[in-house]
Amino acid sequence: MNDLTEAILELIRRTSTDLPEDVEARLRAALEQEEEGSAARGALETILKNVELARENSTPICQDTGTPLFYVRYPEGMSTRALRRQIIAAVQEATRRTYLRPNAVDAITGRNSGDNTGDEHYPTIHFEEVDADQPLVIELMLKGGGCENVGAQYKLPDSRLGAGRDLEGVRKVALDAVYKAQGKGCAPGVLGIAIGGDRGSSYLASKEALLRRLDDPNPNPDLDALEKRLTEEANQLGIGPMGFGGKTTVLGTKVKGLHRLPASYFVSVSYMCWAYRRRRMTVRGDEVLYE
Amino acid sequence: MREITLPISDETVRSLGVGEAVALSGVMITGRDAVHKWIVETFIKKTRPPQGDDLEVYEAIKPLLNGGVIYHCGPVVAGLDTGEYRFVAAGPTTSIREEPYQADVMRHFNAKGVIGKGGMGAKTLQGCQEVPFVYFHAIGGAASLIAQSVRRVVAVHKLEFGVPEAIWVIEVERFPVVVTMDAHGNSLHEKVEETSKANLEALLAA
């Protein structure tokens, strides 16, 4: 296999500095909803100006370049150890070039490794094997700490919120999570919600849900209706961009169902900030395509 | 937009109200989780003795914070290998993590402003009235744009805390912020939380 370090470095650069067009389109639409002269509108104007500037200058959209989360689908026979080495080399080089901030801190000593490498979970790389005739696909999500900190996991039933073990209960706890986040996760955010699983798989799936495009409808009609309703109702909370008050609190919602134990009913909410940085590269032979 | 140059007087602090847009100019320092914990433990509660260059750094930041501003920010910095530092991306970090420390730190140094995002709680709001100081909200994530108002990196202290957690002394020009907690007990965050709580309750009852 070819050495992909340079190509992965370019994936990181694009992810950190160039906001996906579906996210930018939602931010522009949100701006039109907010009143002239309001703090909410001012915040969105600044956000959009920043998005343009970051793209032009190839500088990070946000200084918190987040946890680098890689999702790799590799054709049968490709070495995942080689891919891991190349991803890590690309992450180190991206840190040197200031596309990434040195973000990996040893939880015990408090020491920052300085180059975004750490234990076997940092950077986080998920591998999945596909058929040998399929291309290599690497998706990257950069998820900042502010929004990661406001993520929440509920177990249903939740008597405080009157939430039972059904989609109506899911709706209630998801709205509670948005309320609790206020502006602290850099609203307007995007909700990635997983229903079911165990605590670990549930959180994992809530992040995977965020890999979908904002304009991509859920194939399950019940979940599609829930996604639309949650976005609409979250926007009635009045939290607004940055928590300044206003009509735009959430840009979109993505829901995924999992199998669960009879005894457990987890709902995991991953909150993604407006700086929703995700990109995909597809490698077919010598050809690399970025989306 | 109102122009304010550091240091800030008590009179100016008291004249600021929630919702006011301000452009800040002058020399300020960054400080976040590690710095606040270090200041409180070493110089306020004194639960750990000063070590290494602690006292030197303390003396260096003291005059900057008197009438000065502390910015909750962990920047992306270029020039780490040459020492010719330049801010590449420098938006605010979430302030609420400093809630246990903030009011004590501001009182200790007679500091007049905090810049951050997401707002802070009751203890800080109380401190805003007593010290007095105000909370300036910068736009979270607007890192490339804000880095452009950083004209110069004057110095760096405690780089061993790591790039995001170090104390960066920076000169800014027309740094755009909005007052969201003032010295008269008003907090936009408190207000939005109340309104959104009522809205949530209505939606849960539906």
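Chain letters run A, B, ... following the sequence lines, proteins first, then strands; residues in each count from 1. Note that the structure is a prediction, hence the values are computed from the model and not measured.
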>> At a heavy-atom distance under 4.5 Å, which candidate from A/Asn112, A/Leu175, A/Leu161, A/Thr98 has the highest pair count against chain B?
In response: A/Thr98
> Heavy-atom distance under 4.5 Å to chain A: side chain of B/Lys197, backbone, both or neither?
Replying inline: both
> Any donor-acceptor pair under 3.5 Å linking the side chain of A/Arg111 with the backbone of A/Asp106?
Replying inline: no
> Quick one: what part of A/Asn149 sits under 4.5 Å from any heavy atom of chain B, side chain, backbone, both or neither?
Replying inline: side chain
> B/Gln148 versus chain A, heavy atoms under 4.5 Å apart: side chain, backbone, both or neither?
Replying inline: side chain
>> Report which part of B/Ser144 has an atom under 4.5 Å of a heavy atom belonging to chain A: side chain, backbone, both, or neither.
In response: both
>> Can you tell whether the side chains of A/Arg96 and A/Glu93 come within less than 4.0 Å, N to carboxylate O?
In response: yes
>> Please rank A/Asn103, A/Val105, A/Thr46, A/Leu100 by heavy-atom pairs under 4.5 Å with chain B and give me the top one.
In response: A/Thr46
>> Tell me which of these, B/Gly119, B/Gly162, B/Ser95, B/Pro75, has more heavy-atom pairs under 4.5 Å with chain A than the rest.
In response: B/Pro75
> Checking heavy atoms, do the side chain of A/Gln182, its backbone, both or neither come under 4.5 Å from chain B?
Replying inline: side chain
>> Quick check for you: among B/Ala34, B/Ala142, B/Ala90, B/Gly19, which has the greatest number of heavy-atom pairs under 4.5 Å with chain A?
In response: B/Ala142
> Is chain A contacted by the side chain of B/Leu204, its backbone, both, or neither, given a heavy-atom distance below 4.5 Å?
Replying inline: both
> Are the charged groups of B/Lys158 and B/Asp54 less than 4.0 angstrom apart, N to O?
Replying inline: yes
> Side chain, backbone, both or neither: which part of A/Ala54 has an atom under 4.5 Å from a heavy atom of chain B?
Replying inline: both
> Among B/Glu160, B/Glu201, B/His189, B/Lys117, who wins on heavy-atom pairs under 4.5 Å with chain A?
Replying inline: B/Lys117
>> Please find the pair of heavy atoms, one from A/Leu31 and one from A/Arg41, that lie closest to each other, and give the distance.
In response: O-NH1, 3.2 Å
> Which heavy-atom pair separates B/Gly127 from B/Ala103 by the least distance, and what is that distance?
Replying inline: CA-CB, 4.1 Å
> Would A/Asp18 and A/Arg279 count as a salt bridge (Lys or Arg N to Asp or Glu O under 4.0 Å) if you check the C-alpha gap in whole Å, the side-chain angles of each, and the deciding distance to 0.1 Å?
Replying inline: CA-CA 9 Å; A/Asp18 188 359; A/Arg279 291 266 163 198; 3.6 Å; yes
> Non-hydrogen atoms of chain A under 4.5 Å away: do they reach the side chain of B/Ile96, the backbone, both or neither?
Replying inline: side chain
>> Using heavy-atom distances under 4.5 Å, tell me whether B/Ala78 contacts chain A through its side chain, its backbone, both, or neither.
In response: both
> So which part of A/Asn57 gets closer than 4.5 Å to some heavy atom of chain B, the side chain, the backbone, both or neither?
Replying inline: side chain
>> Taking the six-membered ring for Trp, are B/Phe175 and B/Phe136 closer than 6.0 Å centroid to centroid?
In response: no
>> Between A/Ala275 and chain B, with a heavy-atom cut-off of 4.5 Å, which part of the residue counts as in contact: side chain, backbone, both or neither?
In response: neither
>> Donor-acceptor pair, distance only, cut-off 3.5 Å: does the side chain of B/Ser196 make one with the backbone of A/Leu237?
In response: no
> Roughly how far, to the nearest 0.5 Å, is OG1 of B/Thr180 from NZ of B/Lys191?
Replying inline: 12.0 Å
> Among B/Ile139, B/Thr93, B/Ile146, B/Thr195, who wins on heavy-atom pairs under 4.5 Å with chain A?
Replying inline: B/Ile139
> Closest approach of A/Thr65 and A/Arg277, non-hydrogen atoms and distance?
Replying inline: CA-NH1, 3.6 Å
> Run the salt bridge (Lys or Arg N to Asp or Glu O under 4.0 Å) check on B/Arg174 and B/Glu3 step by step: do they pass?
Replying inline: CA-CA 7 Å; B/Arg174 308 201 74 242; B/Glu3 304 271 347; 2.5 Å; yes
> Given that the side chain runs from C-beta out, which part of A/Phe244 has a heavy atom under 4.5 Å from chain B: side chain, backbone, both or neither?
Replying inline: both
> If you count heavy-atom pairs under 4.5 Å between each of B/Ala21, B/Gly74, B/Cys73, B/Ala198 and chain A, which one has the most?
Replying inline: B/Gly74
> Is a salt bridge present between B/Arg48 and B/Glu41, judged by a nitrogen-to-oxygen distance below 4.0 Å?
Replying inline: no
